[in-house]
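In what follows, a structure is listed as structure tokens, so that the remarks can point back to it.
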Amino acid sequence: MKPLPRSFFSRSTRTVARELLGCRLVRQLNGDRLAGIVVEAEAYIGEQDQACHAKVGKTPRTQVMYGPAGFSYVYFTYGMHWMLNVVTAKEGFPAAVLIRAIQPVEGIEVMQDLRRGKNLVDLCSGPAKLTQALGIARGQNGLDLCQPSSELWIESGLVFPRHVIASSPRIGLGETPEPWRSKPWRYLVKNNPFVSK
DNA sequence: AGCACGATTAACT
DNA sequence: GTTAATCGTGCTC
């Protein structure tokens with residue numbers, strides 16, 4: 001399969017977040033192919049969105065979100081964790097989708113090595129778990145995911161029927177002010193055990 | 001130069 | 001349910 005085209009990612013961020021569910025996230029790492037089906041994602045939309053890192057404007061950290069869609073935005077948080085996002089919307093408008101969970105389907109043994117032998121449902125059921133399982137860190141920031149022969153990309157996969165998709169407020173927003181705190185911009189697959197806990 | 005805090009996780013009680 | 005781990009980022013002095 002080939003990477004999803006830039007036109008997939010350059011649409012509205014919430015549409016991309018919802019339609020990413022069912023897609024296959026692929027990581028080529030040291031000759032191994034690691035992959036999983038996206039089952040949870042969140043939209044972060046523009047400088048107005050007080051939960052979005054771009055609320056502080058364009059900085060070295062946030063600049064990739066201002067660039068073209070289809071690039072990775074990987075950032076470091078809590079002194080130890082890496083998070084994977086895909087840049088969305090039109091160039092110049094800062095927005096991205098956080099990949100929060102995937103269902104592992106390829107390269108599971110390698111993922112377990114990178115995750116200290118965690119069992120299947122704990123391998124990738126959280127945004128920092130999946131980056132660890134896929135060997136994603138600062139070196140994977142700013143990659144073009146639409147380029148064939150990349151080390152990281154997204155393919156089409158399953159198509160979940162609309163009635164198995166749920167939405168909810170985003171996770172971990174802390175003291176983010178309303179209305180942003182309650183925006184139902186998290187999308188997940190209902191009753192899927194690989195969604196974050 | 002120093003500070004508060006974070007789109008989390010794992011290991012506790 | 002609670003908390004330690006651990007450091008880049010953006011802001012203030």
Side-chain angles (χ1 to χ4, degrees), chain A residues 9 12-18 20-21 23 25 36 38-67 69 71-89 93-104 111-143 145 152 154 166-189 193-197:
Chain A
F9 300 104
S12 92
T13 306
R14 280 183 284 164
T15 299
V16 175
R18 190 175 60 242
L20 271 176
L21 301 186
C23 292
L25 176 65
V38 179
V39 294
E40 182 181 356
E42 289 176 350
Y44 290 86
I45 311 175
E47 296 178 348
Q48 302 304 116
D49 178 2
Q50 292 302 293
C52 180
H53 291 164
K55 70 183 179 186
V56 299
K58 195 174 192 174
T59 66
R61 184 200 206 192
T62 63
Q63 66 172 344
V64 67
M65 278 198 279
Y66 288 79
F71 281 70
S72 61
Y73 167 43
V74 175
Y75 70 90
F76 183 67
T77 191
Y78 291 107
M80 64 192 83
H81 297 308
W82 297 94
M83 309 282 173
L84 171 66
N85 299 250
V86 187
V87 174
T88 59
F93 184 86
V97 170
L98 170 69
I99 310 295
R100 281 194 58 89
I102 63 175
Q103 175 166 346
M111 293 187 197
Q112 284 176 325
D113 286 345
L114 292 167
R115 289 274 300 143
R116 301 184 19 151
K118 288 283 190 311
N119 64 42
L120 194 60
V121 290
D122 283 332
L123 267 191
C124 301
S125 55
K129 296 178 184 177
L130 72 90
T131 54
Q132 186 177 33
L134 297 178
I136 291 169
R138 69 158 95 281
Q140 283 64 53
N141 187 36
L143 296 179
L145 307 184
L152 185 66
I154 299 174
S167 62
S168 82
R170 294 168 291 181
I171 304 296
L173 267 44
E175 298 307 301
T176 298
E178 298 291 359
W180 312 106
R181 201 179 120 81
S182 297
K183 295 282 186 189
W185 291 351
R186 170 184 182 234
Y187 299 90
L188 58 122
V189 178
F194 299 94
V195 167
S196 69
K197 292 146 191 90

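Just so we're clear, the structure is a prediction, and the values are computed from it rather than from any experiment. When reading the values below, keep in mind they use all heavy atoms of this one structure, side chains included, and skip hydrogens, waters and symmetry mates. Chain A is the first sequence line, chain B the second, and so forth, proteins listed ahead of strands; every chain is numbered from 1.
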Nearest-nucleotide pick for [X], side chain only, options being [options]:
{"X": "F76(A)", "options": "dC7(C), dA10(B), dA11(B)", "value": "dC7(C)"}
{"X": "R115(A)", "options": "dG10(C), dT8(B), dA10(B)", "value": "dA10(B)"}
{"X": "M80(A)", "options": "dA5(C), dT9(B), dA7(B)", "value": "dA5(C)"}
{"X": "T77(A)", "options": "dG6(B), dT9(B), dG10(C)", "value": "dG6(B)"}
{"X": "L173(A)", "options": "dA7(B), dC11(C), dT9(B)", "value": "dA7(B)"}
{"X": "M65(A)", "options": "dG10(C), dA7(B), dT9(B)", "value": "dA7(B)"}

Does dA5(C) have Y78(A) stacked on its base, where the ring centres are within less than 5.5 Å and the planes differ by under 30°?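 One would not call Y78(A) stacked on the dA5(C) base.
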Write down the distance between [atom1] ([X]) and [atom2] ([N]), rounded to a whole number of angstrom.
{"X": "I171(A)", "N": "dT8(B)", "atom1": "CD1", "atom2": "C1'", "result": "12 Å"}
{"X": "W82(A)", "N": "dT8(B)", "atom1": "CH2", "atom2": "C1'", "result": "14 Å"}
{"X": "I99(A)", "N": "dA7(B)", "atom1": "CD1", "atom2": "P", "result": "17 Å"}
{"X": "N119(A)", "N": "dT9(B)", "atom1": "CG", "atom2": "P", "result": "15 Å"}
{"X": "R116(A)", "N": "dA5(C)", "atom1": "CZ", "atom2": "C1'", "result": "13 Å"}
{"X": "R138(A)", "N": "dG8(C)", "atom1": "CZ", "atom2": "P", "result": "7 Å"}
{"X": "M83(A)", "N": "dT9(C)", "atom1": "CE", "atom2": "P", "result": "14 Å"}
{"X": "K129(A)", "N": "dT9(B)", "atom1": "NZ", "atom2": "P", "result": "6 Å"}

For P127(A), the option from E42(A), R100(A), H81(A) that meets side-chain contact (heavy atoms from CB on, under 4.5 Å):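 Considering E42(A), R100(A), H81(A), a side-chain contact (heavy atoms from CB on, under 4.5 Å) with P127(A) is found only for R100(A).
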Of V189(A), L123(A), V39(A), which is the lone residue that meets side-chain contact (heavy atoms from CB on, under 4.5 Å) with F194(A)?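 It is V39(A), the one option of V189(A), L123(A), V39(A) that forms the side-chain contact (heavy atoms from CB on, under 4.5 Å) with F194(A).
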Would you say H53(A) places a side-chain N or O within less than 4.0 Å of OP1 or OP2 belonging to dA7(B)?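 So the side chain of H53(A) is within the cut-off, an N or O lying under 4.0 Å from OP1 or OP2 of dA7(B).
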For a quick check of understanding: with a heavy-atom distance under 4.0 Å over all strands, which category does [X] fall into, base, sugar-phosphate or nothing?
{"X": "K55(A)", "result": "nothing"}
{"X": "A51(A)", "result": "base"}
{"X": "R186(A)", "result": "nothing"}
{"X": "R170(A)", "result": "nothing"}

Base-pair string, DNA chain B, Watson-Crick plus G-U, cut-off 3.5 Å on both distances, | for inter-strand, is ||||||.|||||.
Close side-chain approach of V86(A) to V16(A), heavy-atom, < 4.5 Å: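 Result no, sub-4.5 Å side-chain heavy-atom pair not found.
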With side chains defined as the heavy atoms from C-beta onward, is the minimum distance between K58(A) and P94(A) less than 4.5 Å?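 K58(A) vs P94(A): side chains apart.
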Just by distance, do the side chain of T131(A) and the backbone of A128(A) share a donor-acceptor pair under 3.5 Å?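 Checking the backbone N and O of A128(A) against the side chain of T131(A), a donor-acceptor pair under 3.5 Å is found.
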Determine whether a donor-acceptor pair (N or O, by modelled atom type, separation under 3.5 Å) exists between the side chain of T13(A) and the backbone of T88(A).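 Checked: no pair found.
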So, R181(A) and T176(A): side-chain donor and acceptor under 3.5 Å apart, yes or no?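 Result is no, nothing qualifies.
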Any chance CD of E178(A) has more than 12 other-residue heavy atoms, nucleotides or ligands included, within less than 6.0 Å?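 Correct, the count exceeds 12.
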Of K118(A) and T176(A), the one whose closest DNA chain B nucleotide lies more 5':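 The 5'-side residue here is T176(A).
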